[in-house]
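Below: one structure, written as structure tokens.
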Amino acid sequence: MTIYEAYQYLQIQLRNIYDEREAANISDLILEHITKKNKTERRLNKSATLSSAQKNQLKQYATELLQHKPVQYVLREAWFAGMKLYVDENVLIPRPETEELVEWVVEEVDSWQMTVGRNSQFSILDVGTGSGCIAIALKKRLPNIEIHALDISEKALEIAKRNAATQNTFIHFFHCDILNEEDGKLVPQIDIIASNPPYIKQSEALTMQQNVIAWEPHTALFVRDEDSLLFYKKIIAFSKHNLKPEGKIFFEINESCSEEINELLKNEGYKNIELRKDMQGKSRMIKAFH
């Protein structure tokens with residue numbers, strides 16, 4: 001089987017469950033992983049023959065993909081903010097919109113440091129770190145900032161620690177349930193909280209793709225319809241004790257709840273509240289001052 005034939009094989013298989021564009025994107029990712037050649041190199045070497053090991057790997061990957069398993073879990077890797085991170089079914093797959101949240105926090109810290117001085121000490125906490133993508137990306141962009149991260153899942157924390165080590169970043173990790181007030185006392189006071197908490201209503205699962213529903217961790221995705229702002233309420237309550245005066249809070253949000261979260265922050269005494277749209281024009285992020 002040549003590289004070209006392998007690509008055609010994947011395309012035929014994947015078009016059973018994906019549209020043409022998605023099937024092509026996934027095929028490219030799989031073949032780049034198997035052959036260690038980029039798209040241009042594969043085109044120039046399309047007649048090169050796959051080894052027996054590569055063919056077996058290709059068929060195994062195709063079998064997993066046809067079970068609606070996301071390609072990131074199949075390959076055990078996902079790209080975020082220019083970093084290749086390890087991921088598996090214990091953590092959410094990092095999304096591009098979360099990179100936008102990271103960029104906003106970086107902008108804020110840069111502006112803050114211009115006012116009070118570059119040598120000033122700042123600390124940031126990532127609540128619900130999962131793969132560690134937010135915390136690690138912030139540490140890479142802001143190496144002089146102290147970064148903390150917490151998660152309720154021990155398996156997720158193992159993955160986050162693995163990714164932090166791979167990226168040569170030092171993060172203070174905490175095994176902590178943000179819904180448990182006592183657990184929150186384990187975390188020191190910080191200047192900024194950044195979080196992408198569970199915010200998808202359980203009723204919305206009916207409209208979501210099978211590769212998300214069947215494989216990604218539900219505890220990191222979903223919240224009960226009757227208390228859809230649960231995690232925002234708990235993180236805000238936590239911030240009352242753990243956020244320093246003039247501290248800031250950044251959330252990724254469900255666009256359908258943007259006004260409710262705005263009101264929640266207002267009612268809790270937060271000021272300078274700002275909603276921001278993502279690249280798709282959806283209100284997906286919010287910032288507020290303590």
Side-chain angles (χ1 to χ4, degrees), residues 72 76-87 91-151 156-174 176 178 187-197 199 220 235 238-239 242-244 246-253 272-280 282-290:
Q72 293 89 345
R76 295 288 192 257
E77 64 186 37
W79 286 89
F80 183 85
M83 306 178 294
K84 185 166 75 173
L85 303 177
Y86 174 88
V87 294
V91 296
L92 287 183
I93 297 165
R95 264 64 172 188
E97 52 266 32
T98 306
E99 292 188 31
E100 297 182 62
L101 182 71
V102 168
E103 286 299 321
W104 199 7
V105 175
V106 171
E107 286 174 22
E108 191 65 35
V109 172
D110 282 344
S111 174
W112 207 348
Q113 288 186 321
M114 284 181 68
T115 303
V116 300
R118 288 287 173 190
N119 295 323
S120 300
Q121 294 298 308
F122 290 101
S123 56
I124 302 174
L125 172 68
D126 172 20
V127 177
T129 194
S131 65
C133 62
I134 291 176
I136 297 167
L138 286 171
K139 188 64 178 177
K140 296 278 277 191
R141 294 287 304 278
L142 303 164
N144 296 324
I145 302 296
E146 191 173 79
I147 307 290
H148 303 267
L150 65 83
D151 206 287
L157 284 173
E158 287 173 12
I159 291 168
K161 289 174 183 177
R162 172 178 176 169
N163 285 325
T166 301
Q167 296 297 325
N168 297 311
T169 53
F170 179 74
I171 314 287
H172 299 273
F173 288 106
F174 297 89
C176 177
I178 197 65
V187 185
Q189 284 202 319
I190 63 286
D191 296 287
I192 291 175
I193 291 174
S195 183
N196 176 21
Y199 60 69
I235 294 170
F238 163 87
S239 72
N242 290 73
L243 200 58
K244 293 178 184 177
E246 303 303 316
K248 301 174 178 69
I249 196 162
F250 290 78
F251 285 129
E252 187 170 323
I253 63 174
N272 297 338
I273 301 168
E274 180 183 347
L275 272 169
R276 183 175 281 196
K277 297 182 187 299
D278 65 12
M279 288 185 291
Q280 309 302 319
K282 299 177 180 179
S283 296
R284 294 294 306 280
M285 294 167 280
I286 196 164
K287 174 184 79 172
F289 284 51
H290 191 237

Which pairs with one or both residues in residues 129-142 pass salt bridge (Lys or Arg N to Asp or Glu O under 4.0 Å), sequence neighbours excluded?
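For residues 129-142, and leaving out neighbouring residues, the salt bridge (Lys or Arg N to Asp or Glu O under 4.0 Å) pairs sorted by first residue read Glu103-Arg141.
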Locate the shortest heavy-atom distance separating [X] from [Y]; write the atom from each residue and the value.
| X | Y | result |
| --- | --- | --- |
| Ala160 | Gly130 | CB-O, 3.4 Å |
| Asn163 | Tyr86 | OD1-N, 2.7 Å |
| Leu275 | Ser283 | CD2-CB, 4.4 Å |
| Leu125 | Ala149 | CD1-N, 3.9 Å |
| Glu252 | Thr98 | OE1-OG1, 2.7 Å |

I'd like to know if the side chain of Ser111 reaches the main chain of Glu107, judged simply by a donor and an acceptor atom lying under 3.5 Å from each other, with no hydrogens or angles considered.
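No: the side chain of Ser111 does not pair with the backbone of Glu107.
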Main chain of Lys277, side chain of Arg284: is a donor-acceptor contact present, judged purely on distance under 3.5 Å?
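Pair absent, no side-chain N/O of Arg284 close to backbone of Lys277.
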For Ala288, give me all partners under side chain to side chain contact (heavy atoms under 4.5 Å, CB included), at least two apart in sequence or on another chain.
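Checked Ala288 against side chain to side chain contact (heavy atoms under 4.5 Å, CB included); matches are Ile249, Leu265, Tyr270, Ile273.
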My understanding is that only residues two or more places apart in sequence, or in another chain, count here; which of them pass side chain to side chain contact (heavy atoms under 4.5 Å, CB included) with Glu274?
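Glu274: side chain to side chain contact (heavy atoms under 4.5 Å, CB included) contacts with Trp104, Arg276, Lys287.
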Run the side-chain contact (heavy atoms from CB on, under 4.5 Å) check on His172 and Val187 step by step: do they pass?
CA-CA 10 Å; His172 299 273; Val187 185; over 6 Å; no
For [X], give me all partners under side-chain hydrogen bond (donor to acceptor under 3.5 Å, both in side chains), at least two apart in sequence or on another chain.
| X | result |
| --- | --- |
| Thr169 | none |
| Glu146 | His148 |
| Ser131 | none |

Taking side chain to side chain contact (heavy atoms under 4.5 Å, CB included) as the criterion, tell me which of Val105, Leu243, Asn242 meets it with Ile193.
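For Ile193, the side chain to side chain contact (heavy atoms under 4.5 Å, CB included) test succeeds with only one of Val105, Leu243, Asn242, which is Leu243.
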Which value, rounded to the nearest 0.5 Å, describes the distance between [X] atom [atom1] and [Y] atom [atom2]?
| X | Y | atom1 | atom2 | value |
| --- | --- | --- | --- | --- |
| Ile286 | Phe250 | CD1 | CZ | 11.0 Å |
| Ser195 | Ile134 | OG | CD1 | 7.0 Å |
| Asp151 | Phe174 | CG | CZ | 13.0 Å |
| Ile145 | Ile124 | CD1 | CD1 | 5.5 Å |
| Ile136 | Asn168 | CD1 | CG | 10.5 Å |
| Phe80 | Glu99 | CZ | CD | 5.0 Å |

With the side chain counted from C-beta on, respond yes when Val127 and Pro197 share a heavy-atom pair under 4.5 Å apart, and no when they do not.
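Sidechains of Pro197 and Val127: no contact.
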A side-chain contact here means heavy atoms from C-beta on lying under 4.5 Å apart; do Ser123 and Lys244 qualify?
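Ser123 reaches Lys244 side chain to side chain.
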Chi angles and distances behind the side-chain contact (heavy atoms from CB on, under 4.5 Å) call for Ile192, Phe122
CA-CA 8 Å; Ile192 291 175; Phe122 290 101; over 6 Å; no
Dump the intermediate steps for side-chain contact (heavy atoms from CB on, under 4.5 Å) on Asp126 and Ile171, then the final yes or no.
CA-CA 10 Å; Asp126 172 20; Ile171 314 287; over 6 Å; no
Between Leu142 and Asp110, does the side-chain contact (heavy atoms from CB on, under 4.5 Å) criterion hold? Intermediate values first, please.
CA-CA 9 Å; Leu142 303 164; Asp110 282 344; 4.0 Å; yes
